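Throughout, protein chains are lettered first and strands after them, A, B, ... in sequence-line order, and every chain is numbered starting at 1. These numbers were taken from a predicted model, which means no experiment stands behind them.
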Number of protein chains: 2
Amino acid sequence: MGNINLKELALALNLSTATVSRALRDSHEISTETKKKVLELAKKLNYEPNPSASNLRSQKSKTIAVIIPEVTNNFFSQAINGIEEIARQHDYHVLIYQTHENSELEIAFMRRLLSGRVDGILISVASETNDDQDFKDILNELPVVFFDRVNENIDAVKVTTDDYESTYKATTHLIECGCRKIAYLMALNNLSTGKKRFAGYLAAMKDNNVTENEALIIPDSNNDDDNYTHIKKLLLDEKPDGIITSIENLALPCYYACRDLKLNIPRDVKLISFSNLKTAPLLNPSLSTITQPAFEMGKEAASILFKILNKKYFEPNETLVLKSVIIKRESTGF
Amino acid sequence: MGNINLKELALALNLSTATVSRALRDSHEISTETKKKVLELAKKLNYEPNPSASNLRSQKSKTIAVIIPEVTNNFFSQAINGIEEIARQHDYHVLIYQTHENSELEIAFMRRLLSGRVDGILISVASETNDDQDFKDILNELPVVFFDRVNENIDAVKVTTDDYESTYKATTHLIECGCRKIAYLMALNNLSTGKKRFAGYLAAMKDNNVTENEALIIPDSNNDDDNYTHIKKLLLDEKPDGIITSIENLALPCYYACRDLKLNIPRDVKLISFSNLKTAPLLNPSLSTITQPAFEMGKEAASILFKILNKKYFEPNETLVLKSVIIKRESTGF
DNA sequence: GGCTTTTATGCAAACGTTTACGTAAATAAA
DNA sequence: TTTATTTACGTAAACGTTTGCATAAAAGCC
């Protein structure tokens, strides 16, 4: 029968709550024999300290929050997996909040968390534009680590991938495969993450003397159907021979648009996409991808957060950059 | 500057903390004018009540826990999405715990949650065998709703899909497509979820006078490589002309095994799988699936939990059964 | 053996809320 | 006008921990 508390435990042991509390936390002030007695009875009675009381007194919640756009996204679910693993190691609890790309919700979540519900936050920001000031206010109150989707205007600890290099290499790959009219499906263009990806594309185009064309650059919408329509229009109007998509969600609409226009990938148009899809090798055709180390990013971001929480961190605005890998498959002719 | 508390707020308003607290909770005991004053200043000063203090006093955490095997699984991430949506509507927070199919961890998580950290639990149990008694003990302490992966020996509120009917129909579909040696890749066979799926397969075989063969029934392992090896061996030794897999994770190893054995799907062997893969239509060949309404299940399970929390629930051991849909694609010859 | 130091424990305050109970003033009922 | 009721607020206890301080006993020192 659960929910025995310290007082009852102390009573049963004929000790004060102070002694029992200290014994449970393995304080050096307590003799080994009483410690043993306390631990034994606590285990026997299934004693679990009340976290609210503990948090209230100690001002530690043993909880972190993860704020992400969508959990139904391979990148983010893999990142959560990594975060959860590290949190587990530190005996911490993990709260999940989805913004669905809504930045107002995002800020509202963070504000609510300021009252001591969590000791720190891991966030991959929404693609909507944000008021930077809101973030800055919050950063003063609580440790926050940004990962993947980061805001360039904010000084904070960040974990990203080599966005510029990834798209540079991917674009170069398409060029090497013979593409000359390379469309860029742009996303996250108000975040440094998106800007760097775009810059990598532009630089690769320039360095390889491929003429850039505004008409080949289209922004994403937050809606699969719209994306499908836009891509179809792009394919019809501009007849690109290569496409690079800057987020995973844009890959499938490309497949559908090509299928419906009877365009063959990779013969008529080659495709490479950011993606953590486990099924990329089994698609028809298999998809060439820029694959981010999502799991590791989650682990790294969480590890850094715990370093901060344990005051073992001395680089306040460090950015850790992990490497994505480019996997060449049939969709680019391999 | 954050972290103003009730006392300070009360002081600034020249009111008692009791009045301010009641005003914030819109109590009828407080005059509309003071309510207005309190709300205004609270908003202005960004007052956020301290959840630990509030929880401690009110014995409500405004938090639920979701315990699942893996977050990197389409079914579960979609379910989380649904759960989060409902939790948001109720202004609740969502904690995530992954068991990685380890039932000891699962029980440990639940025990820890008994101390008031959460008001209720949503769980899809690990495939490892569990001690039913542990679950029963916990059910006495805290509202729990099981979803998808449920334990038949436990009387509790459950949300499942029509597991028996799904595999019955899928098996029938394979038979209608001409299969006579239908392999069943069994999983979750210690849970009623898995048992029902298997029973549906057996019943469909029997009803259609297809001879059952023990050798065609192989259990899953928790490891992709092992599954690949076992499936390959199955394909070589038994030469099934149809395969039905009882969980999503077994689908991809089938693709790889067939590819490596130069077996054509669907010509040599037809395949249908439980799956919430968004890419099922784009696989090579596209995958026929039994698709569970994961998002809706999450929503339903969470909704029921909130009904229980709000004491609006009067069917203590109800099982809500949602319908999966069978989508026929190329892997079964469509 | 008296002194200081160490060891092991207890007392009580504090964390920031919520809420039962009390009460004074205002209003309604008689 | 007297009494009963309602309204609007305050007092203080409680939720279950943690921890600074006090203290008694034991041990160490000369």
Exercise for the section: Applying side-chain contact (heavy atoms from CB on, under 4.5 Å), name anything that partners B/A23, two or more places apart in sequence or on another chain. Expected result: B/I30, B/K35, B/V38

Practice task
Please determine, by modelled atom types, if A/S61 and A/D119 share a side-chain donor-acceptor pair under 3.5 angstrom.
Solution key: yes

Practice task
Could you pull out all residues at least two apart from B/R111 that satisfy side-chain contact (heavy atoms from CB on, under 4.5 Å)?
Solution key: A/N46, B/I107, B/D134, B/D137, B/I138

Practice task
Using the heavy-atom set of chain B and a strict 4.0 Å cut-off, write down the first and last nucleotide of DNA chain D that makes it in, 5' to 3'.
Solution key: D/dA8 to D/dG16

Practice task
Verify whether one side chain among A/N81 and B/E70 offers a donor that lies under 3.5 Å from an acceptor in the other.
Solution key: no

Exercise for the section: State, without any angle test, whether B/T72 and A/Q78 hold a side-chain donor-acceptor pair at a distance under 3.5 Å. Expected result: no

Practice task
Under 4.0 Å between any heavy atoms, over every strand shown, what does B/S54 touch: base, sugar-phosphate, or nothing? Just pick one.
Solution key: sugar-phosphate

Practice task
Round to the nearest Å and state the distance from A/R22 atom CZ to C/dG10 atom P.
Solution key: 9 Å

Practice task
Give a yes-or-no answer on whether the side chains of A/N5 and A/N50 include a donor-acceptor pair shorter than 3.5 Å.
Solution key: no

Practice task
Using salt bridge (charged side-chain N to carboxylate O under 4.0 Å, His left out) as the criterion, list what pairs up with B/E101, not counting sequence neighbours.
Solution key: B/R149

Handout entry: Helical bend (five base pairs per end, nearest 10°) for the helix from C/dG1-D/dC30 to C/dA30-D/dT1
Key = 40°

Fill in the blank from the handout: On DNA chain D, more 5' by nearest nucleotide between B/S58 and B/L15 is B/L15

Handout entry: Contact check, side chains of A/T160 and A/T193, non-hydrogen atoms, under 4.5 Å
Key = no

Practice task
Please report the shortest heavy-atom distance between A/A156 and A/L139, naming the atom on each side.
Solution key: CB-CD1, 3.8 Å

Exercise for the section: Let me know the distance between CG of B/N5 and P of C/dT18, rounded to the nearest Å. Expected result: 12 Å

Handout entry: Whole angstrom value for the distance that separates P of C/dC11 from CG of A/L6
Key = 15 Å

Problem - Value in whole Å for how far the P atom of C/dT18 lies from CD of B/Q59 - result: 13 Å

Handout entry: Pairing of B/E33 and B/K37 as salt bridge, 4.0 angstrom limit
Key = no

Practice task
Answer yes or no: are there more than 12 heavy-atom neighbours, outside B/N14 itself, under 6.0 Å from its atom CG?
Solution key: no

Practice task
Name every residue in residues 26-42 of chain B that has at least one heavy atom under 4.0 Å from any atom of DNA chain D, in order of residue number, or write none if there are no such residues.
Solution key: B/E29, B/I30, B/S31, B/T34

Problem - Polar pair under 3.5 Å, donor/acceptor by atom type, side chain B/R57, base C/dT18 - result: yes

